[in-house]
Protein chains: 2
Amino acid sequence: MALRHAVLAALLDEERSGYQLAKAFDVGVANFWHALPQQLYAELTKLEREGLVAGREVVQETRPNKRVFQATEAGLAELREFTAAASKPSFIRDDLLVKVQGADHVDSGQLIEQLGERATAAEAKIELFSALLHQMRGDESEDEFLLDGERIGPYLTCLRGLAFERDNRDWCRRIADVLRARQAAALSHRPG
Amino acid sequence: MALRHAVLAALLDEERSGYQLAKAFDVGVANFWHALPQQLYAELTKLEREGLVAGREVVQETRPNKRVFQATEAGLAELREFTAAASKPSFIRDDLLVKVQGADHVDSGQLIEQLGERATAAEAKIELFSALLHQMRGDESEDEFLLDGERIGPYLTCLRGLAFERDNRDWCRRIADVLRARQAAALSHRPG
DNA sequence: TCAGAATAGTCAGATTCTTGACTAGAAGGA
DNA sequence: TCCTTCTAGTCAAGAATCTGACTATTCTGA
């Protein structure tokens, strides 16, 4: 039931279209939740029917028309209720970790390659999040902004995303190094 | 489709019962995947039917009998195929992040409390993972173990879990501090 | 100029995950 | 002695998520 609250949280400060939400909840950003466009459009329909978000048609000249949504008072109340309830613990669920768990039984080369790809993807996210953070805080230092900024929610979740991706990158690189070192050691033990 | 591979990866090195798996994939450990007992028992049944794991009845005196499973050659082949394929990116999906995203519109006190609870839970996992890592590497240093250890897969995923929980703890504490500082600042601006 | 990406969505179907309940004996603590 | 927890599972139903396809128009790069 948290997708609906994630959508509400994303529609608190500004109007967004389903399409904009879809991009925000996509692989590229997804700093506090992830969902596919289909889920988002479906959820927006439900939320609007329940009066938790309000939709508005925006006529565009050169682009297809779109509907933009914003959380209503009722939506905010729903989000507050959600916030008051206990949070479920969050779990890791990652294909790559499953593969590394089997590291002793599978081809190291493939793992090293995938770890490299993941590290590159993490690096790209790090750049993106860093730029987003800088944009949000403007000229201020982070500490200043967090003390007197008006909208710090998105900044805080972005910080979490940044830390996650840094860890991700560092871990991938470390593990790839370990696997390479073991390949080298294995070669030197039984050479030729 | 990754649960089946997570189960296979968990059954590579040693036999385990569904019940043992359930504990390993539970909230408490879950260092490379998470699943509920119901999912695991169902998946084990499927895997056995497909010949990817082999089950064996163990008769116990004082405890209910149990069935223990281990990956077969076919299971290992399946896992290798999985490893060769591209990994899906991993996403954050966390109730608490949704709540923090809405931080500017909800009660800070509740958030601070939940951040504290999460930090405590993370700390407990940190202890657990640290102990597990120590147990796995024995007397050796980490670098030594990772270079010449025989089964490093579970160690590597545990390292990832440790880093994740450390980040989690640090971020929760930092955000709770920020929210407290803002509460204090708000009080001093409009006192009484 | 022509293919491909971006904008702005929708639909159906399958799979996966979660919630909740239920059985049953043994061990441990108050 | 009784209550709770632990071991060791099973069943059904519902919610959430993912896969894949489909419609249109417009802008952009080769």
Rounded to whole Å, NZ of B:Lys88 lies from C1' of D:dC18 at a distance of 8 Å
Output yes when at least one side-chain N/O atom of B:Thr62 is less than 4.0 Å from OP1 or OP2 of C:dG25, else no.
no
From CD of B:Glu61 across to P of C:dG25 the rounded distance in Å is 17 Å
Is there a donor-acceptor pair closer than 3.5 Å between any side-chain N or O of A:Glu140 and the backbone N or O of A:Asp148?
no
Tell me yes or no: between the side chains of A:Gln101 and B:Thr157, is some donor less than 3.5 Å from an acceptor?
yes
d(CZ, B:Arg16; C1', D:dA8) in whole Å
16 Å
Interatomic distance where CZ belongs to B:Arg67 and P belongs to D:dG9 [whole Å]
9 Å
When you get a sec, tell me which of D:dA16, D:dG9, C:dT16 is the closest nucleotide to the side chain of B:Ser17?
D:dG9
Numerically ordered, the residues 47-59 of chain B set in heavy-atom contact under 4.0 Å with DNA chain C is none
Please pick, from D:dT10, C:dT16, D:dA16, the nucleotide with the shortest atom-to-atom distance to any side-chain atom of A:Met1.
D:dA16
What is the separation between atom OH on B:Tyr41 and atom P on C:dA21, rounded to the nearest whole Å?
19 Å
So B:Phe91 and A:His34, would you call those rings parallel, tilted or perpendicular, with 30° and 60° as cut-offs?
parallel
Which residue, A:Trp33, A:Phe82, A:Phe32, forms the ring pair (Phe, Tyr, Trp, His ring centres under 6.0 Å) with A:His5?
A:Phe82
Counting distance alone, no hydrogens or angles: does the base of C:dG20 have a donor or acceptor under 3.5 Å from a partner atom on the side chain of B:Gln38?
yes
Salt bridge check, B:Asp177 against B:Arg180: does any charged N sit closer than 4.0 Å to a carboxylate O?
yes
Sequence neighbours excluded, every pair satisfying salt bridge (charged side-chain N to carboxylate O under 4.0 Å, His left out) that has a member inside residues 162-171 of chain B:
A:Arg160-B:Asp167, B:Glu123-B:Arg169, B:Lys125-B:Glu165
Roughly, in whole Å, what's the span from NE2 in B:His34 to C1' in C:dC17?
10 Å
Can you name the closest pair of heavy atoms from A:Arg16 and A:Ala24 and give their distance?
NH1-CB, 4.3 Å
Mind calculating the distance between CG (A:Asp26) and C1' (D:dT17) to the nearest angstrom?
15 Å
Once you round it to whole Å, what is the distance between P of C:dC17 and CZ of B:Arg93?
10 Å
Look at the side chain of A:Arg80 and the backbone N and O of B:His105, then say whether any donor-acceptor pair between them is shorter than 3.5 Å.
yes
Measure all distances between protein nitrogen or oxygen atoms and nitrogen or oxygen atoms of nucleotides 1-7 of chain D, and list the pairs falling under 3.5 Å.
| from | atom 1 | to | atom 2 | distance (Å) |
| --- | --- | --- | --- | --- |
| D:dT7 | OP2 | B:Tyr19 | OH | 3.0 |

Salt-bridge present (B:Lys66, B:Glu57; N to O < 4.0 Å)
no
